Amino acid sequence: MATTAIWDIKDNLKRVLEYTSNPNKTEVQEHDYQYNGLNQVISYTTQDLKTEKQLYVTGINCSYPTAFKEMEITKEGFNKTDGILAFHGYQSFVPGEVNSETAHQIGIELANLMWGDRFEVLVSTHLDKAHYHNHFVINSVSFVDGKKYYDNRENYKRMRNLSDSLCRKYRLSVIEHPQQKGSHYSQWNAEKKHELTWRDFIKEDVDFAIAHSMSMKQFYRHLQELGYHIKYGKHVAIKPKNKERYVRLRSLDKLGNYTADKIEERIYEQKFVKFQSLNMPKQKTKHFYYHGNIKDNKCKITGFKALYFRYLYLLGVLPKNAPHKKRVHFLLRDDLRQLDHITQEVTLISKKNITNLSELKANQYFASDKLENLLKERRCIYNKIRRCKNPDKKEMLQQDVESLSLQIKDLRKEVVLYEGIKVRSISIKQKLQQIHEEEKERDKQYRENKKSKGVK
């Protein structure tokens, strides 16, 4: 059985070629189980010295050592050196099902059938993992007619079908009924780490809009009030203000709960709607006070502390035991995934009693200076250890190194936190300003609506 994938390369063709043909990944190892026959072992061990480290790298319509140059010449010849530089294909086998020679042979045959008539391809078989896998680097420009390779669903389907037929030819297993579509990588990775993704936040807002709507028209209006742009059509798609791509509602889960028909059904099946206008004027700002170690034991937060505490309030982190948490603004949703870092920054600000940028820079300077001195001191001790011949003294010096290393580790974290605070504080100010302006505009619209309806 083999799984396949392909994606475009836009940044650096040479980097991809060097990675896929890396000798550490493509070199035959002496313990490779394909060399378990005597004749094979003799054949391997008696190869010419220059070819002893056999590499499973093959060029199709190009030579391995000069593949990059040849691909570049093709591009320059047809004046197509920009845009997508190449395509990176992938074919992975089940561990233990195929040996390295067969894996590479399948890769060569697949490349010849798929691209060999028009494109330069470098085929590399990686043996550094339990699952042997092939990499294909395909020049985006054809050496025959200068036309670019078009990576679409039909071509990928053909690649997958050819891979399956070759697996059958070599008596390997094949997935007869593959799933139509898997999860996005970011979604899969987040689920693995139990983290939230943008799709989770979008789904949460869609559920909120459904729960507070009595018609599809009202549902779409609620989404707009939550800051979404809506693209109508066969499949309705929405996009947050600070994102570039639209997300189709029907793609939010695999159970069909977010198709237009299902959303409409969910709206009309509700026995009652918890009506809550999203255009209500903002409530009076709550003030929180920090209990510090001063005589009156109560002082109003200012500077960085005030900025971060306001930020944590809007994130819904403060106050901890609030009976009804306020919905987090979409601009701040992504920051919920960084709460650990934010907590460390707030702790450091409070511990060092930092109130403004000048104090932050001063603390950062002193921490960096101390870190540099400790690193110099540790280097000196390392030199002493190398020259020392007394075992007892050497052990004492080693203990000093361990002690210094712990201090250095803490200081490095502190310096990183200072830099993080500096960058995040600018971002927080910008986000809070944008939220404030949106709230002012919402209040203005709310008052105008009341006035037009004659409500006092």
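Because the structure is a prediction, the values reported are computed rather than measured. This chain uses plain numbering: 1 for the first residue, then up along the sequence.
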* Structure fact -> Shortest non-hydrogen pair, Ser165 vs Leu162, comes out as OG-O, 2.7 Å
* **Under the ring pair (Phe, Tyr, Trp, His ring centres under 6.0 Å) test, residues paired with Tyr90 that sit two or more places apart** => His133, His135
* Structure fact -> Residue set satisfying salt bridge (Lys or Arg N to Asp or Glu O under 4.0 Å) with Asp207, at least two apart, ordered chain then number -> Arg266
* Main-chain N/O of Gly116 paired to Asn61 side chain as donor or acceptor, under 3.5 Å -> yes
* To do: Verify salt bridge (Lys or Arg N to Asp or Glu O under 4.0 Å) between Arg221 and Glu225, making sure each step is shown before the conclusion.
  => CA-CA 6 Å; Arg221 191 176 76 244; Glu225 291 168 354; 3.6 Å; yes
N/O donor to acceptor pairs below 3.5 angstrom from side-chain atoms of residues 365-377, sequence neighbours left out:
residue	atom	partner	partner atom	Å
Ser368	OG	Gln364	O	2.9
Asn373	ND2	Asp369	O	3.3

* **Under the side chain to side chain donor-acceptor pair (under 3.5 Å) test, residues paired with Arg118 that sit two or more places apart** => Asp145
* Structure fact -> With sequence neighbours left out, the residues meeting side chain to side chain donor-acceptor pair (under 3.5 Å) with Tyr382 are none
* Structure fact -> Contacts of Asn356 meeting side chain to side chain contact (heavy atoms under 4.5 Å, CB included) (sequence neighbours excluded), chain-then-number -> Ser358, Glu359
* For Asp253 and Tyr258, test the side chains for any donor-to-acceptor distance below 3.5 angstrom and give the result as yes or no. => no
* Structure fact -> Across all chains, not counting sequence neighbours, the side chain to side chain contact (heavy atoms under 4.5 Å, CB included) partners of Arg248 are His235, Ala237, Arg250, Ser251
* Asked: Please walk me through it: do Met159 and Ser163 pass side-chain contact (heavy atoms from CB on, under 4.5 Å)?
  -> CA-CA 6 Å; Met159 177 183 173; Ser163 175; 5.7 Å; no
* To do: Say whether, by atom type as modelled, one donor and one acceptor occur between the side chain of His436 and the main chain of Leu432 under 3.5 angstrom.
  => no
* Would you call Lys262 and Glu265 a salt bridge, taking side-chain N to carboxylate O under 4.0 Å as the test? -> yes
* Structure fact -> Sequence neighbours excluded, the answer for side chain to side chain donor-acceptor pair (under 3.5 Å) partners of Lys75 is Asn139, Ser140
* Those residues that, when tested against Tyr232, pass ring pair (Phe, Tyr, Trp, His ring centres under 6.0 Å) (two or more places apart) -> Tyr220
* Structure fact -> Hits for side chain to side chain donor-acceptor pair (under 3.5 Å) against His229, two or more places apart or cross-chain, chain-then-number order -> none
* Asked: In terms of side-chain heavy atoms, does Thr4 have a donor or acceptor partner in Gln91 at a distance below 3.5 Å?
  -> no
* Verify whether the ring centers belonging to Tyr149 and Phe87 lie closer than 6.0 Å. => yes
* To do: Return the minimal non-hydrogen interatomic distance between Tyr64 and Val57, and the atom names on each side.
  => CD1-CG1, 3.5 Å
* Asked: Which heavy atom of Ile106 sits nearest a heavy atom of Leu166, and at what distance?
  -> O-CD1, 3.7 Å
* Asked: Got a sec, which pairs hit side chain to side chain donor-acceptor pair (under 3.5 Å) with one end in residues 402-414, sequence neighbours left out?
  -> Arg378-Ser405, Glu414-Tyr418
* Structure fact -> Closest non-hydrogen atoms of Leu122 and Ala67, given as atom of the first, atom of the second and distance, are CD1-CB, 4.2 Å
* Asked: Which is it for Glu120 and Thr74 under the side chain to side chain donor-acceptor pair (under 3.5 Å) test, yes or no, and what are the steps along the way?
  -> CA-CA 9 Å; Glu120 294 144 328; Thr74 299; 2.8 Å; yes
* Inspect the contact between Lys69 and Glu72 and indicate whether a charged nitrogen and a carboxylate oxygen are less than 4.0 angstrom apart. => no
* Asked: Is the gap between the ring centers of Trp115 and Phe136 under 6.0 Å?
  -> yes
* To do: Could you pull out all residues at least two apart from Glu109 that satisfy salt bridge (Lys or Arg N to Asp or Glu O under 4.0 Å)?
  => Lys169
